[in-house]
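The structure is given below, and queries will be raised subsequently.
Sequence positions, counted from 1, serve as the residue numbers for this chain.
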Amino acid sequence: MATLRTTLPSLYLSRLAFLEDVLFDEMPIEAGVFQRILKVRDMGNKPFVKTTTVASFGQVPIKGEGAAVTYEDLAGGFDTSYIADTYELAFRASKEALDDEQEEVVSDAARALGSSLNYTYDVDHANLFNNGFNSSFVGPDGVTLFSTAHPLVGGGSNGNRPTTDGDLSVAQLRTALNDIANTKDDAGKIVHWRPKVLLVSYNQKWLGMELIGSELRADTADNALNAFKDDGLVVVATPYLTDTNAFFLLSEPSKHNVRTYWRERPNVLHDWDFETSSMKVKIRSRWKKGWSDWRGVYGTSGSS
């Protein structure tokens, strides 16, 4: 194939290089919403990645003078495996189209290919939240990502969803923060995680900013102090949430385990089809998203 390429017109070769630049210019995945709020890791050369949780210890008891120390065994938690999916899409441009100087048409097709991968990535990762209440999509502990009854290894359960879902409001945000403050680890101890991101659909962006950014409360004219302003929340809006009433709270990525793994970052492959005298351009990437533990995220599906 390399020998054949030396016989191709220089015009084709220059366009091929130009197409690769266009494709990468139209794929701002690294700067996307989900790359900023999820835990992003690389698989490297591993065919899959497996995570496991370990139940923490309970409270430390008082030891009497001369008495033996108390021993407590570590308890295994829940396992999660991440096996990357492969995403590919291609288009073909005839030599006639290239010879007739249809650069604009071919370049537009290249841009569309790059945009399609960017869109696919965003939709796929938004589905972590869109499917977070759907019993058809359960996680390592056997329940949905957002649940009122995540089983604890040490017994009992705890939740990261309100008992009554509601739309974004002062009252619902207060309920969420109170629930978060009562998050337990697998030994039943309170986990001190703090939300940093308020994830909403675009139609809720303005309300979210008013709720957390106003000097005074947004739901009253009584000049009451806006207590949310000191929580340091940042509103992140995305058009890919299918339920526009749902909203989510996340800690900083290093503190939660809703994650995504790159197995192969976006790249462009191209070749010349001898049989059809056409140029083929393909975009390809491999990744896997999921969650290993529910703590550090909180969500509600809204009232409707």
Determine, step by step, whether Arg161 and Ser147 satisfy the side-chain hydrogen bond (donor to acceptor under 3.5 Å, both in side chains) criterion, reporting the C-alpha distance in whole Å, the side-chain angles of both residues, the deciding distance to 0.1 Å, and the verdict. CA-CA 5 Å; Arg161 176 183 183 178; Ser147 171; over 6 Å; no
Looking only at the side chains, is there a donor atom on one of Ser169 and Asp167 sitting less than 3.5 Å from an acceptor on the other?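 No.
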Does a side-chain heavy-atom distance below 4.5 Å link Leu199 with Leu249?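 No, side chains not in contact.
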For atom NZ of Lys189, decide whether the heavy atoms of other residues, nucleotides or ligands shown that lie under 6.0 angstrom number more than 12.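 More than 12 heavy atoms, drawn from other residues, nucleotides or ligands, come within 6.0 Å of this atom.
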Please name the residue in the list Leu128, Asn131, Leu145, Asn127 that meets the side chain to side chain contact (heavy atoms under 4.5 Å, CB included) test with Phe137.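 Exactly one pass, corresponding to Asn131.
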Check whether any side-chain heavy atom of Ile212 sits under 4.5 Å from a side-chain heavy atom of Val235, and report yes or no.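 Result yes, sub-4.5 Å side-chain heavy-atom pair found.
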With ring centroids as reference points, do Tyr240 and Phe34 lie under 6.0 angstrom apart?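 So the answer is no for these two rings.
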Does one side chain, of Tyr82 or Ser292, offer a donor that lies under 3.5 Å from an acceptor on the other?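 Yes, Ser292 and Tyr82 have a side-chain donor paired with an acceptor closer than 3.5 Å.
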Ignoring hydrogens and angles, state whether a donor on the side chain of Thr183 or Trp193 is under 3.5 Å from an acceptor on the partner side chain.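 On atom types as modelled, these side chains qualify, holding a pair under 3.5 Å.
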Thinking salt bridges, do Arg295 and Asp185 make one under a 4.0 Å N-O criterion?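 Answer for the salt bridge query: no.
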Aromatic rings Phe248 and Phe146: how do their planes relate, parallel, tilted or perpendicular, breaks at 30° and 60°?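 Rings of Phe248 and Phe146: tilted, 30 to 60°.
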Audit row: Thr242, Asn130, side-chain hydrogen bond (donor to acceptor under 3.5 Å, both in side chains) steps and yes/no: CA-CA 6 Å; Thr242 54; Asn130 294 329; 3.3 Å; yes
Ring geometry between His150 and Trp291 (parallel below 30°, tilted from 30 to 60°, perpendicular above 60°):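 Trp291 and His150: perpendicular rings.
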Is the number of heavy atoms from other residues, nucleotides or ligands within 6.0 Å of NZ (Lys184) greater than 12?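 More than 12 within 6.0 Å, yes.
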